[in-house]
Amino acid sequence: MSAPEEAYWIWRNIVSPLFDVAVADTQAVASFRVKIDSYHFGPLLLGSVAASGQEFRRTPVTIARSGVDHYLVQLYPVGGYAGDAEGRTVHVHPGDLSILDLSRTMHTRAATFQNLSLVVPRSVLEPLARNPDGLHGLVLSGQSSLGHLLATYLSTVYQAAGSLSSEDGARISNATASLVAACFGPAADAHETTTIAKRAALILTIKRYIDNNLADPLLTVDSIGREFRLSRATLGRMFEPLGGLAAFIRARRMLRCFSEITSSAHAHRSIADIAYSWGFNSETAFSRTFRGMFDMSPREARAEGASAHRTIKHLQPGSNGSGQPVLAEWIQYLRV
């Protein structure tokens, strides 16, 4: 069996609780391509799929077999799909978003595409929507203000997923569901929930900015306040659940130091050099903070090398402990 054929059959098996998929012919199987990853945020699941064209069906048999009772929200940066969602004609173009009720039937066709898929339990989204039974097959144009807002938010969450801890993900899950409801099926307090979701998106944007500038010794609470035009008090309230903004910056720098101290590629550098390069100005204070966070000294971490590096994997968000995407865990969580 060729690699594309194997990829096709593996993909069919992975996605089978959600859809029955098919391609046009044996030639399409022989040239099939798919790339997937995913992240688990509390009760929500967010994944990226890039794949060859195919058909997706959700029949009464699929629904009965899977027992999945969730909503599927999808953003299509590339490609789209067309089809029928239980009597509603659906056309999704590049940049658009759609929502499907996985308790109901549908049949769609997609050319080569790339999407972001958010899976939301019915129990989470339904109480927020005025008409939860009317969501199936709704399309939100990427050109609309609400479409642009939701697309930007989902893209921001996905881009930041690798730097989010499981606690971070759980915290933003309610805001994410509220924003989906506000855009596709407005809740009674749509203005309030949209405001909450905007703040969650802003926090993610600030975190991404921090990660991109960790090596800058001028990165401080004050400099971030100037960059985002926020007061120290506001930043303090936003990052209070994470121990404060200064503590968050220090922890992110520590993770970078740990990675380099335990990497063979940086074995020629002194521990002090690594610490100074990530904004620490006292080797003694660095060692004390390092031990408090990792329960080992920097020298012990370097001595253990690859073994220590594996130990810390569980602290890295977006990982199942092996460092691999957690798509294989989707089905487990979908059944919860």
Side-chain angles (χ1 to χ4, degrees), residues 11-21 36-49 51 54 56-76 81 83-88 90 92 96-108 110 113 115-140 150-151 153-154 157-158 161 166 169-187 193 197 320 325-336:
W11 166 244
R12 276 179 55 99
N13 182 60
I14 289 174
V15 81
S16 61
L18 299 180
F19 303 108
D20 298 316
V21 300
I36 49 181
D37 64 18
S38 66
Y39 298 91
H40 175 231
F41 299 109
L44 311 185
L45 298 159
L46 179 64
S48 171
V49 178
Q54 54 196 286
F56 295 88
R57 290 181 184 270
R58 191 153 174 83
T59 66
V61 173
T62 314
I63 295 168
R65 182 185 68 230
S66 67
V68 173
D69 189 21
H70 292 55
Y71 290 96
L72 175 65
V73 180
Q74 294 182 306
L75 164 65
Y76 277 79
Y81 68 85
D84 175 86
E86 209 166 84
R88 173 179 279 160
V90 182
V92 175
D96 291 349
L97 302 102
S98 67
I99 185 167
L100 297 170
D101 184 337
L102 296 180
S103 71
R104 301 168 68 178
T105 61
M106 46 77 62
H107 177 205
T108 62
F113 67 91
N115 70 31
L116 293 181
S117 295
L118 177 72
V119 184
V120 186
R122 180 177 301 278
S123 59
V124 173
L125 186 60
E126 196 170 55
L128 302 171
R130 287 179 179 167
N131 183 20
D133 293 331
L135 297 176
H136 190 44
L138 287 182
V139 176
L140 194 59
L150 185 56
Y153 178 76
L154 291 179
V157 172
Y158 177 73
S166 58
R171 288 189 186 99
I172 68 169
S173 62
N174 287 338
T176 302
S178 295
L179 184 57
V180 169
C183 292
F184 278 104
T193 55
N320 61 4
V326 294
L327 184 61
E329 297 177 13
W330 272 36
I331 307 310
Q332 172 188 346
Y333 287 110
L334 284 172
R335 293 178 182 276
V336 171

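Please read all numbers here as calculations on a predicted model, not as lab measurements. Each residue takes its place number in the sequence, starting with 1.
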Q: For Ser173, enumerate each residue passing the side-chain hydrogen bond (donor to acceptor under 3.5 Å, both in side chains) test, keeping only those at least two apart in sequence or located in another chain.
A: none

**Q.** For Asn13 against Pro17, the heavy-atom pair lying closest together
**A.** O-CD, 4.0 Å

Q: Not counting sequence neighbours, which residues clear ring pair (Phe, Tyr, Trp, His ring centres under 6.0 Å) with Tyr158? List them please.
A: none

Q. Do Leu97 and Phe184 pass the side-chain contact (heavy atoms from CB on, under 4.5 Å) test, and can you show the C-alpha distance, the side-chain angles, and the key distance before you say yes or no?
A. CA-CA 10 Å; Leu97 302 102; Phe184 278 104; 4.0 Å; yes

Q. Could you state the interatomic distance from OG (Ser98) to CG (Leu140), rounded to the nearest 0.5 Å?
A. 9.5 Å

Q. Would you say the side chain of Ile36 lies within less than 4.5 Å of the side chain of Ile14, judging by non-hydrogen atoms?
A. yes

Q: May I have the step-by-step check of side-chain contact (heavy atoms from CB on, under 4.5 Å) for Phe19 and Leu72, ending in yes or no?
A: CA-CA 11 Å; Phe19 303 108; Leu72 175 65; 3.5 Å; yes

(Q) Checking Arg88 now: which residues fulfil salt bridge (charged side-chain N to carboxylate O under 4.0 Å, His left out) with it, not counting sequence neighbours? (A) none

Q) Looking only at heavy atoms, which two atoms of Leu118 and Thr176 are closest? And how far apart? A) CD2-CG2, 3.7 Å

**Q.** Intermediate values then yes/no, side-chain contact (heavy atoms from CB on, under 4.5 Å), Trp11 and Val49
**A.** CA-CA 11 Å; Trp11 166 244; Val49 178; 3.8 Å; yes

Q: Please examine the side chains of Leu125 and Pro132, heavy atoms only from C-beta on, and report whether any two atoms are closer than 4.5 Å.
A: no

Q | For Arg122, side-chain contact (heavy atoms from CB on, under 4.5 Å) partners two or more places apart | A | Asp69, Tyr71, Asp101, Ser103, Glu126

Q.
Looking at Arg12 and Val21, would you say the former's side chain and the latter's main chain have a donor-acceptor pair under 3.5 Å?
A. yes

Q.
Can a donor-acceptor pair be found, under 3.5 Å and without considering hydrogens, that links the side chain of Glu86 to the backbone of Thr105?
A. yes

Q: Decide side-chain contact (heavy atoms from CB on, under 4.5 Å) for Asp20 and Arg58; before the verdict, give the C-alpha distance in whole Å, the side-chain angles of both, and the deciding distance to 0.1 Å.
A: CA-CA 6 Å; Asp20 298 316; Arg58 191 153 174 83; over 6 Å; no

Q: Measure the spacing between OG of Ser48 and CG of Asp37 and express it to the nearest 0.5 Å.
A: 5.0 Å

Q: Of all the heavy-atom pairs spanning Ala181 and Ala129, show the shortest one and how long it is.
A: CB-N, 4.4 Å

Q. Do you know the tightest heavy-atom contact between Leu100 and Ala85?
A. CD2-CB, 4.4 Å

Q) Does His40 use its side chain to pair, donor to acceptor, with the backbone of Gly42 at less than 3.5 Å? A) yes

**Q.** Test side-chain contact (heavy atoms from CB on, under 4.5 Å) applied to Pro121 - qualifying residues, sequence neighbours left out
**A.** Pro43, Leu44, His70, Ser123, Val124

Q.
Quick check: closest heavy atoms across Leu46 and Leu154, and the distance to 0.1 Å?
A. CD2-O, 4.3 Å

Q: Measure across Phe41 and Ala161 and return the closest heavy-atom pair with its distance rounded to 0.1 Å.
A: CZ-CB, 3.8 Å

Q. Of all residues at least two apart in sequence or in a different chain, which pass the ring pair (Phe, Tyr, Trp, His ring centres under 6.0 Å) check with Tyr81?
A. Tyr76

